[in-house]
S.K.: 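One structure follows; several queries about it will come next.
Throughout, residue positions are numbered sequentially from 1 according to the sequence presented.
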Amino acid sequence: MLSKLIGHELRATRRVFLPAYGAAIIFTILTRILMTFDVFREDFMEFSSPKWLIDLMATISTILTVSSLIAIFILSFVYMIVRFYRNLLRDEGYLMFTLPVRTSDLIWSKCIVSTIWMFASVLVAVIAVFILCTDANFWQTLLPQLKDLFDIVWELGSFHSILYVLEALLLVIFALFAGNMFIYLCLALGQLSSKNRIVLSIAAYIAITTVLEYVGVSLMMAIGNTIDVSWFGFLSHINMVGLMHLFFGAVIILSIVETLVCALLTDRILTRRLNLE
């Protein structure tokens, strides 16, 4: 049933995100064309438009490109929060919670689709930057750097290089999951009240974040003051490659734990203390 919920959520949200991505790419391509036209204007000056018109079009296109790229990030963040709030915590919740599915499936479907669109927004931004930067000078600068990167990868070995890429991707994905679930938890806490739900959700976000940061710093200081440094002597036998794998693994595990804890708490609140009034 979770797969059906994900499919329905993707169909409902793609009507918003796909046009936004298409607009961002179109504006980017138009800006790239105008930049190229401006560079080679002197070669066909007699056939070109007035300089001020080209500059004006290039400026407008650049503004639209930057605005659209910023907009897709804001859209992927704000729209998915609003959709979770409206679908599950407002009047639509009366219908959603009568479906023959578990509450956890409703929560996970929202989180998975939100993560997909956030990751897609990052890919669109990368493609847009690549389109804007791609020219002869770009490749002349990039190719030597790619060669240096390839030499470093060759020294590390293909196994570690592929593992680094996979670890980085997993880190981004699980960090997005953790961030989404944490926001859903704050929204679930805010709906416990019949009034000022949004304000309480924001307050819960600030309060929990502050407490976690304080506890984290205090815990690190306590560990540093009480644990014998010699206990970490094994780290001296691990090279930089191993330390990087250890770092990626630790952050990924923490992100997974945060995601599961927030999902469990959100599920408990919406199952036992749901307030749609």
S.K.: For the hydrophobic clusters of this structure (ILVMFWY residues joined by side-chain heavy atoms under 4.5 Å, transitively), does one cluster hold both V211 and Y214?
M.R.: no

S.K.: Do P19 and R15 have side-chain heavy atoms sitting under 4.5 Å apart?
M.R.: no

S.K.: Applying side-chain contact (heavy atoms from CB on, under 4.5 Å) to F177 and W108, what does each step give before you reach the verdict?
M.R.: CA-CA 10 Å; F177 270 113; W108 278 106; 4.2 Å; yes

S.K.: I'd like to know if the side chain of T209 reaches the main chain of I206, judged simply by a donor and an acceptor atom lying under 3.5 Å from each other, with no hydrogens or angles considered.
M.R.: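 Answer holds: no.
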
S.K.: Please answer whether the main-chain N or O of A188 pairs with a side-chain N or O of Q191 as donor and acceptor at a distance below 3.5 Å.
M.R.: yes

S.K.: Taking the side chain as every heavy atom from C-beta outward, state whether S68 and I72 have any atom pair closer than 4.5 Å.
M.R.: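 The answer is no, as the side chains (C-beta and beyond) never meet within the 4.5 Å cut-off.
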
S.K.: Checking the side chain of S76 only, and the main-chain atoms of M118 only, is there a donor and an acceptor separated by less than 3.5 Å?
M.R.: no

S.K.: Check the orientation of F17 and W117. Use parallel for under 30°, tilted for 30 to 60°, and perpendicular for over 60°.
M.R.: parallel

S.K.: Return yes if some donor-acceptor pair links the side-chain N/O of R102 with the main-chain N/O of L2 below 3.5 Å, else return no.
M.R.: no

S.K.: Which heavy-atom pair separates A12 from R83 by the least distance, and what is that distance?
M.R.: CB-NH2, 3.1 Å

S.K.: Quick check for you: to the nearest 0.5 Å, what is the distance between T266 atom OG1 and L189 atom CG?
M.R.: 7.5 Å

S.K.: Looking only at the side chains, is there a donor atom on one of Y21 and S121 sitting less than 3.5 Å from an acceptor on the other?
M.R.: yes

S.K.: At their closest point, which heavy atom of F84 faces which heavy atom of L187, and how far apart are they?
M.R.: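 Distance-wise, the nearest heavy atoms are CD2-CD1, 3.6 Å.
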
S.K.: Excluding sequence neighbours, so at least two apart, what forms side chain to side chain contact (heavy atoms under 4.5 Å, CB included) with L169?
M.R.: F119, V165

S.K.: Can T28 and T65 be counted as having a side-chain donor-acceptor contact under 3.5 angstrom?
M.R.: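 Short answer, no.
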
S.K.: May I ask you to decide if R268's main-chain N or O and T271's side chain share a donor-acceptor pair within less than 3.5 Å?
M.R.: no

S.K.: For residues L176 and I253: do they belong to one hydrophobic cluster (side chain heavy atoms under 4.5 Å, members Ile, Leu, Val, Met, Phe, Trp, Tyr)?
M.R.: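 Yes, it is one cluster - the side chains of L176 and I253 are joined through contacts under 4.5 Å.
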
S.K.: Between C186 and A204, what is the shortest heavy-atom contact and its length?
M.R.: SG-C, 4.1 Å

S.K.: Find out if a path of hydrophobic residues (ILVMFWY) with successive side-chain heavy-atom gaps under 4.5 Å connects V82 to I112.
M.R.: yes

S.K.: I'd like to know if V199 and Y85 are part of one continuous hydrophobic network [Ile/Leu/Val/Met/Phe/Trp/Tyr, side-chain heavy atoms within less than 4.5 Å].
M.R.: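 As far as the 4.5 Å side-chain criterion goes, V199 and Y85 are not connected within one cluster.
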
S.K.: Would you name the heavy atoms of A24 and V124 that are closest together and state the gap between them?
M.R.: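 Smallest interatomic distance, heavy atoms only, reads CB-CG1, 4.4 Å.
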
S.K.: For the residue pair M80 and K110, establish whether any side-chain heavy-atom pair is separated by less than 4.5 Å.
M.R.: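 A side-chain contact under 4.5 Å is absent here.
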
S.K.: Taking C-beta and beyond as the side chain, do I269 and L185 meet within less than 4.5 Å on heavy atoms?
M.R.: yes

S.K.: Applying the 4.5 Å side-chain criterion to the ILVMFWY set and letting contacts propagate, would L270 and L192 be lumped into a single cluster?
M.R.: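 Yes, same cluster.
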
